[in-house]
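Accompanying notes for the structure given below.
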There are 2 protein chains.
Amino acid sequence: MNEEKKHEEAFLEVAQHLDEETLFIVSQTFKALSDPTRIRILSLLCSGEHSVNEIAETLNLSQSSVSHQLRFLKNLRLVKYRRAGTTLFYSEDDNHVMNLLKQAIEHAVHH
Amino acid sequence: MNEEKKHEEAFLEVAQHLDEETLFIVSQTFKALSDPTRIRILSLLCSGEHSVNEIAETLNLSQSSVSHQLRFLKNLRLVKYRRAGTTLFYSEDDNHVMNLLKQAIEHAVHH
DNA sequence: TGTAAATATGATTATATATTCATATATTCA
DNA sequence: TGAATATATGAATATATAATCATATTTACA
């Protein structure tokens with residue numbers, strides 16, 4: 001049996017016995033990416049850090065809405081921030097999840 | 001400028017001007033993967049085709065619930081089926097999305 | 001044709017979620 | 001300390017969603 005086959009079987013073993021915790025993590029991760037507003041925010045953060053107001057203005061969203069969504073993304077550790085005076089600059093904090101998003105966008109655009 | 005840099009810039013260009021349709025497709029795709037029941041169903045289908053009743057029994061779900069979720073997945077063309085008498089055998093129909101799911105599961109399991 | 005088996009469907013309900021509005025908090029600086 | 005700016009928060013509301021229940025539909029076959 002070659003390496004790829006072994007890897008495939010190992011995955012199936014895992015996939016068919018998904019424990020509660022894994023199921024929760026995976027579903028939460030995808031839930032974070034299932035809302036158009038959050039997708040737009042994360043996509044914007046692909047280009048580097050941005051303040052809350054910058055995000056709101058750039059994407060034409062209310063300050064409150066952006067702040068709520070950033071809290072959501074922060075809780076899942078998908079974004080982080082640094083403070084500069086009264087301004088908070090948010091940026092990506094999870095390469096793996098950002099890769100999932102990038103893949104989905106590229107796939108959607110090219111089809 | 002090397003090829004990777006070009007690719008990165010091209011992505012940023014796209015990500016910052018996500019049109020309504022792309023945004024809709026991407027969010028719908030992730031929404032499909034954001035529910036524990038659907039994740040379990042899709043994971044089971046990784047191991048090959050299964051009838052509605054097989055899925056319901058294996059995952060300890062009601063027939064109706066499974067049928068409803070399969071319709072959801074079918075509408076997004078993530079699954080397909082073949083008929084054999086009164087039995088419908090469902091199977092995966094979107095390698096790209098299944099890959100996103102596999103990546104997320106593997107990442108969650110190994111962390 | 002009539003019955004059984006497998007699946008689909010529609011209505012209902014309970015829960016989750018995104019946004020808005022008003023207001024609170026935190027930081028800077030005069 | 002007090003005003004100004006940036007951001008966070010909580011309550012309320014409207015909408016979306018998953019599961020359930022009862023029933024309809026489809027197919028096979030005696």
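Proteins come first, then strands; the chains are lettered A, B, ... in the order of their sequence lines, and each starts at number 1. Everything numeric in this text was worked out from a predicted model, so none of it was measured.
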Taking atom [atom2] of [N] as reference, at what distance in whole Å does atom [atom1] of [X] sit?
X	N	atom1	atom2	answer
A:H68	C:dT20	NE2	C1'	8 Å
A:F89	D:dA6	CZ	P	11 Å
A:E54	D:dT5	CD	P	17 Å
A:Y90	D:dA6	OH	C1'	11 Å
A:Q28	C:dT17	CD	P	7 Å
B:Q63	D:dA24	CD	P	15 Å
A:L61	D:dT7	CG	C1'	15 Å
A:F24	C:dA16	CZ	P	11 Å

Expected output is a numbered-order residue list: members of residues 71-87 of chain A with a heavy atom under 4.0 Å from any atom of DNA chain D. What is it?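 Of all residues in residues 71-87 of chain A, the ones placing a heavy atom under 4.0 Å from DNA chain D are A:R71, A:T86, A:T87.
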Please work out if A:S67 contacts a base, only the sugar-phosphate, or nothing of the nucleic acid, heavy-atom cut-off 4.0 Å.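 Counting heavy atoms under 4.0 Å across all strands, the contact made by A:S67 includes a base.
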Identify whether any heavy atom of A:S64 sits under 4.0 Å from a base atom; if not, whether one sits that close to sugar-phosphate; answer base, sugar-phosphate or nothing.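 Contact class for A:S64: base.
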Residue B:N53, side-chain atoms from C-beta onward, closest of C:dT7, C:dT9, C:dC21: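 Minimum distance to the B:N53 side chain belongs to C:dT7.
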Any idea how B:Y90 and B:Y81 line up, ring-wise: parallel (<30°), tilted (30 to 60°), or perpendicular (>60°)?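 Ring orientation of B:Y90 relative to B:Y81: tilted.
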Any donor-acceptor N/O pair, B:H110 side chain to B:E106 backbone, under 3.5 Å: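 Looks like yes, one N/O pair under 3.5 Å.
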Do you know which of A:L73, A:D93, A:D94 makes side-chain contact (heavy atoms from CB on, under 4.5 Å) with A:K80?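 Answer to the side-chain contact (heavy atoms from CB on, under 4.5 Å) test with A:K80 among A:L73, A:D93, A:D94: A:D93.
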[X] side-chain N/O to [N] phosphate OP1/OP2 under 4.0 Å:
X	N	result
B:Q69	D:dA19	yes
A:S51	D:dA6	no
B:R38	D:dT17	no

Does any nucleotide pair with D:dG10 by Watson-Crick or G-U wobble geometry, both distances under 3.5 Å, and what is it?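 Across any shown strand, D:dG10 pairs with C:dC21.
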Paired with C:dA30: which nucleotide, if any, by Watson-Crick or G-U wobble criteria at under 3.5 Å for both distances?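 Pairing partner: D:dT1.
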Reading DNA chain C from 5' onward, which residue's closest nucleotide shows up sooner: A:S34 or B:V66?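 By nearest-heavy-atom nucleotide position, the 5'-most residue is B:V66.
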Separation of B:F24 CZ from B:T29 OG1 (nearest 0.5 Å):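 Answer rounded to 0.5 Å: 9.5 Å.
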Which distance, rounded to the nearest 0.5 Å, do you find between the CG of B:L76 and the CZ of B:R71?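 So the gap between those two atoms works out to 12.5 Å.
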N/O donor to acceptor pairs below 3.5 angstrom from side-chain atoms of residues 52-64 of chain A, sequence neighbours left out:
from, atom 1, to, atom 2, distance (Å)
A:E54, OE1, A:H50, ND1, 3.2
A:E54, OE1, A:S51, N, 3.1
A:T58, OG1, A:E54, O, 2.7
A:S62, OG, A:S65, N, 3.0

Residue pair B:L101 / B:V97, side-chain heavy-atom distance below 4.5 Å: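 No. Closest side-chain heavy atoms not under 4.5 Å.
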